[in-house]
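Reading through the structure tokens given below for one structure.
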Amino acid sequence: MAAWRKFKFYPEMMQMVRFIATKLMYVLLTLFLLATVTFFMMKAIPGDPFMGEKKLPPAIYNNIMAKYGFDQPVWKQYLTYMNNLLHFDLGESMKSANRTVNNIIQNAFPNSAKLGIVAIIVSVIVGIALGVIAALYHRGLIDALATIIAVLGVSIPSFVLAPLMQYFFAVKLGWFHVAGLKEPLDYVMPVLALSALPIAFIARLTRSNMVEVMNSDYIKTAKSKGLSKAIIVNRHALRNAILPVVTYLGPMTANIVTGSVVIEKIFGIAGIGKYFVESVSNRDYTLIMGLTLFYAFILIVARFLTDIAYAAVDPRIKLNSRGGGS
Amino acid sequence: MNKRKKTGSIMLALVISVSMLLSACSNNGGNNAPTNGGTNTPANQAENNKSGEAALAAEQIFRMNLHAEPPTLDPGMTQDNTSGTVLNAVMEGLTTVDKDGNVQPGMAEKWEVSEDNLTYTFTILDGATWSTGEPVTAHDFEFAWKRVLDPTKETPSPYAYQLYYLKNAEAYNTGEIKDASQVGVKAQDDKTLVVELHSPTAYFLNLLSFYTYYPVNKAVVEANPKFAAEAATHSTNGPFLLTEWNHNESLLLTKNPNYYDADKVHFTEVRLAIINDSNTELSMYETGDLDWAGRPTGEIPIDMIPSLKEDSEANLQIQGIATTYYFNFNTTKEPYDNVNIRKALAMAIDRKAIVEKVTLGDQIPAFGFVPYGIKGQNDTFRDEVKDSYFTEDVEQAKTLLAKGLEEKGLTKLPTIELIHNEGEGHKKLATAIADMWKTNLGVDVSVQSQEWGVFLTNRTNLNYQVARAGWGADYNDPMTFLDMWITGGGNNDTGFSNAEYDGLIKKAQTSSDPAERMEAMAAAEKILMDEMPILPIYYYTGIWMQKPYVQGVWIDYSGEIRFNYGYIAEH
């Protein structure tokens with residue numbers, strides 16, 4: 001019997017490898033399709049990087065367009081771009097002369113990442129804490145307060161919350177700098193603006209699961225055995241209650257990453273999001289493509305990690321089952 | 001309540017602790033300069049106190065918002081105001097322009113002009129040096145200008161046409177001639193630069209203060225063509241050094257101790273923030289994180305202007321700048337090919353109401369195209385030539401409209417399609433004018449907001465009926481406004497063509513008699529207003545706030561900021 005079990009271990013490994021390989025293939029296919037669609041859509045919108053209220057003389061304009069290969073048919077430009085992409089060369093920004101897109105991402109991403117990671121950690125910890133407290137004091141005053149916070153978090157968009165915080169905490173009370181990300185305190189407002197929605201969502205999710213779990217038979221058994229409340233919550237209830245939160249990690253990362261576009265602008269943080277919006281209105285083709293692909297890559301990786309995490313946490317989920325968490 | 005407060009503080013503590021962890025391991029910016037400055041305090045502070053009008057504060061740090069990342073700090077590649085604002089502080093051309101708009105010597109200590117006004121001989125100032133230590137020579141200028149004009153350059157210079165005043169410059173830039181030595185700029189020796197012009201240009205000395213005419217450090221650029229991408233590799237020659245450039249975040253300029261006029265430069269540091277949210281900028285001004293907000297690089301939200309005007313602490317400033325806001329008519333499209341219809345529309349709006357109730361910034365109603373602030377012969381052009389070309393008169397507008405419709409064989413004007421680029425201000429103004437046309441002339445108007453790129457493409461391709469437009473000065477002469485309406489002009493997005501107008505512009509361009517030039521340009525503007533291919537609305541104002549202790553910083557005629565000789569008064 002024991003030998004047979006060992007034998008079975010091997011196919012499980014294979015299953016894992018196959019799972020990851022298939023996922024990677026999907027990742028590449030998604031990126032390829034996205035690059036293609038973005039490229040042609042981008043070329044289809046009117047305008048170009050060298051337009052302006054004051055037009056360039058035709059000779060200069062045509063010369064510049066030719067230097068960037070824009071005089072070529074679009075499919076040729078597409079092939080050139082894809083070829084460069086295969087070599088991980090995202091090209092030179094057309095607006096920021098002499099700066100490569102790779103360089104811009106390298107410069108800007110650490111700022112976005114710092115903010116994003118803090119926001120994710122804060123969301124998870126505060127969200128779960130709020131949810132657990134609300135569930136433990138089910139139908140009490142604290143539960144009501146937690147619900148109010150949750151509803152506010154879900155319903156106030158970050159672009160409203162951020163200026164409100166700036167006005168009260170920075171202008172009126174003078175607790176924080178209005179903008180920037182230089183000191184630890186500078187993180188408070190942008191992080192809260194980014195994580196308000198995920199906190200609210202996670203709190204609601206945790207609360208409803210907690211309430212359900214606390215009423216289940218095995219918790220009642222534990223209570224009747226005389227175990228302390230702390231042990232029951234930590235050892236028995238919480239683990240089961242936060243399972244659904246793991247599934248929310250993927251969408252939450254997406255939320256925080258996209259939310260940072262607005263937050264970075266409002267708080268003047270030199271991250272990817274601040275470049276992204278400008279790149280579109282500037283028709284900075286290479287930067288639009290580079291940032292779109294980079295965003296997509298981050299989101300796909302977040303999804304991928306969520307899938308694996310979910311499979312790891314919940315043994316009932318099989319790796320090869322379709323759409324596990326995605 | 002108590003518990004809620006507690007959760008709040010727990011949340012705060014959590015954010016702080018996590019962020020501390022992360023920021024501790026990422027101290028790469030080097031941007032942690034002490035906020036109380038004083039590290040760069042020059043020894044001659046006491047001397048400075050004598051020269052200033054008010055007593056100088058101990059700390060001479062000026063902080064303003066640049067609003068956007070400068071696309072480049074290569075003067076040869078620059079074509080935008082943001083980059084220009086930085087370049088004006090860290091670099092300098094042969095001449096500079098003072099507060100009154102008069103040309104002053106810059107890198108050139110003196111010059112001689114030939115009798116035919118075609119040849120200029122400049123002598124480079126002794127003691128003009130690059131930040132890297134070498135002297136600025138005439139060769140640097142020759143190299144810089146030819147580099148801008150070189151059509152085979154890896155990235156061609158968009159503003160090369162600013163140098164088309166030089167002999168053979170256009171021919172070389174467009175590839176007609178291949179030999180760069182035929183271009184009218186030549187360094188005779190290290191100190192002497194000889195410049196030959198294509199035709200006499202009254203405002204040429206003024207042009208030389210513009211960034212496309214700045215020199216570049218030949219040795220540095222030849223070694224590294226991408227020198228201007230980072231602060232560390234840049235070589236500058238202006239009153240300030242480019243000390244830090246944290247992309248899309250901030251720039252730090254520090255006083256250049258080797259600048260020839262360093263005695264008159266007071267700011268030890270100029271900190272330029274890059275915040276592209278105008279509400280954030282306003283908050284930063286309120287908390288004292290900025291000494292200056294709004295014009296030229298920033299922006300004050302329109303709906304805040306009325307309350308800021310009342311608020312004496314805000315210290316709101318409004319000053320006319322040389323830019324005109326107007327509508328284009330597509331004169332190739334019926335019925336806008338009819339002059340009476342165009343005139344009727346121009347006469348049927350109330351410009352005073354627009355500036356008082358819609359734009360709110362004390363803008364000046366425009367009845368001409370050349371704005372205030374542009375030099376004429378002795379005074380400004382607008383003061384010498386009044387813009388009394390037409391008046392607002394609803395009754396006459398109705399008569400003209402009826403006449404125009406009759407000429408076109410129409411009984412009613414088809415719905416007017418008015419397009420503008422995105423922006424709350426443009427939208428409000430377009431809607432107000434649509435309403436005036438509806439009320440005064442009984443015509444229907446459909447107002448459309450279009451994304452910038454889409455809008456520009458439509459306007460360029462004459463795919464519109466009436467379109468919003470704005471034009472600012474490139475140089476201080478009425479020509480910068482009037483030459484755009486010549487037949488087939490690159491920026492003439494109206495299809496307007498008038499042989500007499502073209503002739504007058506040609507005459508003004510080639511004449512070297514100031515009186516004759518001004519007369520020709522005034523006559524041309526009159527034709528423009530008689531034919532009305534454009535509908536002038538208002539002359540812009542620059543709106544900004546400056547802390548009362550900021551002195552000696554000014555906004556020039558075109559709306560650009562000049563802070564090189566500014567100082568912080570004791571407060």
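Naming convention: chains lettered A, B, ... in sequence-line order (proteins, then strands); numbering from 1 in each chain.
- In this structure, the side chains of B/N458 and A/P46 stay at 4.5 Å or more apart for every pair of heavy atoms.
- Both the backbone and the side chain of B/T460 come within less than 4.5 Å of a heavy atom of chain A.
- Of the atoms belonging to B/D493, it is side-chain heavy atoms, and not backbone ones, that fall under 4.5 Å from chain A.
- Within a 6.0 Å sphere centred on CZ of A/F40, heavy atoms belonging to other residues, nucleotides or ligands number more than 12.
- Around atom OH of A/Y167, no more than 12 heavy atoms belonging to other residues, nucleotides or ligands sit under 6.0 Å away.
- In terms of heavy-atom pairs under 4.5 Å with chain A, the best-connected choice from B/D474, B/L73, B/N279 is B/D474.
- Using a 4.5 Å heavy-atom cutoff, the side chains of B/W452 and A/M51 are in contact.
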When you look at A/K182 and B/E249, which way does the side chain to side chain contact (heavy atoms under 4.5 Å, CB included) test go after all the steps? CA-CA 11 Å; A/K182 285 172 194 139; B/E249 188 182 330; 3.9 Å; yes
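- Contact annotation for B/Y164: only side-chain heavy atoms (C-beta onward) come within less than 4.5 Å of a heavy atom of chain A.
- Annotation: maximal heavy-atom pairing with chain A below 4.5 Å, among B/A228, B/P70, B/P71, occurs at B/P71.
- In this structure, the portion of B/T155 lying under 4.5 Å from any heavy atom of chain A is its side chain and not its backbone.
- Inter-residue side-chain proximity for A/L56 and B/Q79 is flagged as met; some heavy-atom pair is nearer than 4.5 Å.
- The NZ atom of A/K265 lies 10.5 Å from the CD1 atom of B/I275; values are rounded to the nearest 0.5 Å.
- With a threshold of 4.5 angstrom between heavy atoms, B/T457 approaches chain A through side-chain atoms but not through N, CA, C or O.
- Per-residue counts of heavy-atom pairs under 4.5 Å with chain B were compared for A/G180, A/S96, A/A119, A/P163; the largest is that of A/S96.
- At a cut-off of 3.5 Å, with distance as the only test, a side-chain donor of A/E278 or B/N276 sits close to an acceptor on the other residue.
- Across A/K55, A/K172, A/R283, A/E92, the residue that shares the most heavy-atom pairs under 4.5 angstrom with chain B is A/K55.
- Interface remark: B/E451 contributes side-chain atoms only to the contact with chain A (heavy atom separation under 4.5 Å).
- Using a 4.5 Å cut-off between heavy atoms, B/N491 contacts chain A through both its backbone and its side chain.
- Within the 4.5 Å cutoff, side-chain heavy atoms of B/R459 are placed close to those of A/E53.
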Output, in order, the C-alpha distance, side-chain angles, deciding distance and verdict of side chain to side chain contact (heavy atoms under 4.5 Å, CB included) for A/Y275 and B/H247. CA-CA 10 Å; A/Y275 278 102; B/H247 290 291; 3.6 Å; yes
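- Within the 3.5 Å criterion, the main-chain N or O of B/N248 finds a donor-acceptor partner in the side chain of A/K274.
- Between B/P151 and A/N63, the shortest heavy-atom contact is O-ND2, 2.9 Å.
- Here the OG1 atom belonging to B/T287 is positioned 9.5 Å from the CD atom belonging to A/Q166, to the nearest 0.5 angstrom.
- With a 4.5 Å cut-off on non-hydrogen atoms, B/L456 touches chain A through its side chain but not through its backbone.
- Counting heavy-atom pairs closer than 4.5 Å to chain A, the top residue among B/S83, B/P158, B/G490 is B/P158.
- Counting heavy atoms from C-beta on, the side chains of B/T280 and A/V178 come closer than 4.5 Å.
- For B/A68, no part sits under 4.5 Å from any heavy atom of chain A, backbone or side chain.
- Considering all non-hydrogen atoms of both residues, A/I60 and B/Y161 come closest at CD1-N, 3.6 Å.
- Listed here is the closest heavy atom pair of B/A229 and A/R99: CB-CG, 4.3 Å.
- For A/I266, the parts lying under 4.5 angstrom from a heavy atom of chain B are both the backbone and the side chain.
- Taking each heavy atom of B/M284 and A/A179 in turn, the nearest pair found is SD-CB, 4.0 Å.
- With hydrogens and angles disregarded, a donor-acceptor distance shorter than 3.5 Å links the side chain of A/K54 to the backbone of B/G472.
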